[in-house]
Amino acid sequence: MVAALFWIPLLVGLLAGLGGTEAQQTTLHPLVGRVFVHTLDHATFLRLPEHIAVPPTVRITYHAHLQGHPDLPRWLRYTQRSPYNPGFLYGTATPEDRGRQVIEVTAYNRDSFDTTRQRLVLLIGDPEGMVSFPANATEFLVRNHDVEEVLPSMPAHRFLTALAGLWEPGELQLLNITSALDRGGRVPLPIEGRKEGVYIKVGSASPFSTCLKMVASPDSHARCAQGQPPLLSCYDNLAPHFRVDWCNVSLVDKSVPEPVDEVTTPGDGILEHDPFFCPPTEATAQDFLADFLVTLLLPLLVALLLTLLLAYGRAPMVHHYTIHENTEELRQMAASREVPRPLSTLPMFNVRTGQRLPPRVDSAQVPLILDQH
């Protein structure tokens, strides 16, 4: 009864919160080939006044999905480190994703059980005055950061600024950010300083520098396979804020056209004349009756012969077994019978005195054979 009284107000408050929430709508403009990052801040969903800060003990979790679908679109990801931290929607749209997409976000307050909804209208388009995907792109693996640590604009801008010293002069564009766990990385041990790692892909219309080409060369990868440091001919401007694994640097140069594969034309299915392959043109008629009879009748005759031999040899065995069984039965009957002894074999005695007397024999009644003895 006490438990029921506790849950009834809780359910009433939850249903009231669900009925009273109105979905906020926000319009965003992601660009094809550029990283899109949207922060799900606690203050936006709590609807607090501007002069009131969000309490640090508030726990809020989020659930985002594409309108009419249970999950997010394939190019968009969601991450949140803990209920005390904000959530992030991030990803890079492809040319196939152009158009309008609506993302529905639901925030759950784990303390008051209130829910708040928000609708994000994404109008995906192409960048103005530039191509969607630059000609040159490089992907770096940063070991000392998690994905949510580089999603805000300040760390991303700091990374591009430091990387400008390793690239030819030109505008750098942030193309993609991916957690190392999404690439098959392992979850680090709960030790201070251990991070999951994050892949950062940067592109530019400017060519690669000599330093980047040397790092991504086969000789550098061979040194990494042997446990030696890679070939880095320039100063590492990214250290110490970004610890880059230079053995996992990959370059993509789209300015060089890829070799076109030869197009194979299907033939008519008829082989050309080959002097080394001369299949027979005509097949002679053959009679397989004798082979059939030998294959079928010979095993049947052998089986029949074996059956007759077994049937003939079984009769004496049955007769011998019957005699042996009957003999054993007679022996058992003779051993178990109880027949009283004849009176002639019993000792004679006087009932009064108890004196034993020899039996009186009437010679007239004695058989002839016994009288002769």
Side-chain angles (χ1 to χ4, degrees), residues 31-37 88 90-92 127 129-186 188 191-259:
L31 299 178
V32 174
R34 301 294 183 269
V35 171
F36 166 76
V37 179
F88 294 94
Y90 67 100
T92 303
M130 57 182 64
V131 295
S132 301
F133 295 92
N136 302 313
T138 307
E139 191 172 51
F140 303 90
L141 174 58
V142 182
R143 294 287 188 182
N144 61 336
H145 281 77
D146 293 330
V147 62
E148 66 271 5
E149 296 177 352
V150 298
L151 289 177
S153 58
M154 186 59 67
H157 179 72
R158 183 185 301 174
F159 183 83
L160 294 179
T161 303
L163 185 61
L166 304 178
W167 209 303
E168 293 293 335
E171 184 180 2
L172 299 180
Q173 299 290 337
L174 198 60
L175 302 182
N176 194 13
I177 297 177
T178 307
S179 174
L181 300 182
D182 296 336
R183 298 284 189 90
R186 296 182 178 179
I191 302 176
E192 186 178 1
R194 297 291 183 92
K195 301 292 184 178
E196 298 173 356
V198 57
Y199 284 91
I200 302 178
K201 190 173 184 179
V202 180
S204 176
S206 303
F208 299 118
S209 62
T210 307
C211 178
L212 293 178
K213 292 180 180 179
M214 185 176 296
V215 169
S217 63
D219 296 337
S220 180
H221 289 301
R223 289 173 59 88
C224 292
Q226 298 176 1
Q228 301 178 5
L231 298 175
L232 187 61
S233 61
C234 54
Y235 179 73
D236 188 2
N237 296 332
L238 298 173
H241 299 288
F242 301 96
R243 184 165 58 87
V244 176
D245 186 358
W246 293 104
C247 291
N248 284 278
V249 175
S250 59
L251 305 181
V252 179
D253 189 0
K254 296 184 179 180
S255 61
V256 179
E258 297 180 358

Study note, to complete from the structure: What one should report as the nearest heavy-atom pair of Leu174 and Ala156 is CD2-CB, 3.8 Å
**Study point:** Separation between CG of Leu31 and CD of Gln173, rounded to the nearest 0.5 Å
**Key:** 9.5 Å
Check your understanding: Who passes side chain to side chain contact (heavy atoms under 4.5 Å, CB included) against Leu232, sequence neighbours left out?
Key -> Cys211, Val215, Cys234, Asp236, Trp246
Check your understanding: How far does CD1 of Ile200 sit from OG1 of Thr178, to the nearest 0.5 angstrom?
Key -> 10.0 Å
Revision key, fill the gap. Here the side-chain hydrogen bond (donor to acceptor under 3.5 Å, both in side chains) pairs for residues 196-211, sequence neighbours left out, are Arg81-Glu196
Practice item. Please report the closest heavy-atom contact between Leu212 and Leu251, naming both atoms and the distance. Key: O-CD1, 3.5 Å
Exercise for review: Indicate the atoms forming the closest heavy-atom contact of Asn136 with Ala205, along with that distance.
Suggested key: ND2-O, 3.8 Å
**Study point:** Set of ring-ring contact (aromatic ring centres under 6.0 Å, His included) partners for Phe242, sequence neighbours left out
**Key:** His145, Phe159
**Study point:** Test item: Glu149 and Asn144 side chains (from C-beta on) under 4.5 Å apart, heavy atoms
**Key:** no
Practice item. Nearest 0.5 Å please: distance from the OG atom of Ser179 over to the CD atom of Glu148. Key: 8.0 Å
Revision key, fill the gap. Sorted by chain and residue number, the side chain to side chain contact (heavy atoms under 4.5 Å, CB included) partners of Ser250 (sequence neighbours excluded) come out as Glu139
Exercise for review: Apply side chain to side chain contact (heavy atoms under 4.5 Å, CB included) to Thr92 and list each qualifying residue two or more places apart in sequence or on a separate chain.
Suggested key: Val35, Asn176
Check your understanding: What's the verdict on side-chain contact (heavy atoms from CB on, under 4.5 Å) for Phe88 and Val147, showing C-alpha distance, side-chain angles and the deciding distance?
Key -> CA-CA 10 Å; Phe88 294 94; Val147 62; over 6 Å; no
**Study point:** Side-chain donor or acceptor of Ser220 paired with backbone N/O of Leu231 under 3.5 Å
**Key:** yes
Point to revise | Separation between CZ of Arg158 and CG of Leu163, rounded to the nearest 0.5 Å | key: 14.5 Å
Review point. Looking only at heavy atoms, what is the nearest atom pair of Ala180 and Leu141, with distance?
Key: CB-CD1, 4.4 Å
**Study point:** Any donor-acceptor N/O pair, Arg143 side chain to Gly197 backbone, under 3.5 Å
**Key:** no
Review point. If you look at every heavy atom in Pro188 and Arg194, which pair is closest and at what distance?
Key: CB-CB, 3.9 Å
Point to revise | Audit row: Phe36, Tyr90, side-chain contact (heavy atoms from CB on, under 4.5 Å) steps and yes/no | key: CA-CA 5 Å; Phe36 166 76; Tyr90 67 100; over 6 Å; no
Review point. Which heavy atom of Asn237 sits nearest a heavy atom of Gly165, and at what distance?
Key: ND2-CA, 3.4 Å
Check your understanding: For Val142 and Val150, what are the C-alpha separation, side-chain angles and deciding distance, and is it a side-chain contact (heavy atoms from CB on, under 4.5 Å)?
Key -> CA-CA 10 Å; Val142 182; Val150 298; 5.8 Å; no
Practice item. State which residues pass side-chain hydrogen bond (donor to acceptor under 3.5 Å, both in side chains) with Lys213; sequence neighbours excluded, sorted by chain then number. Key: none
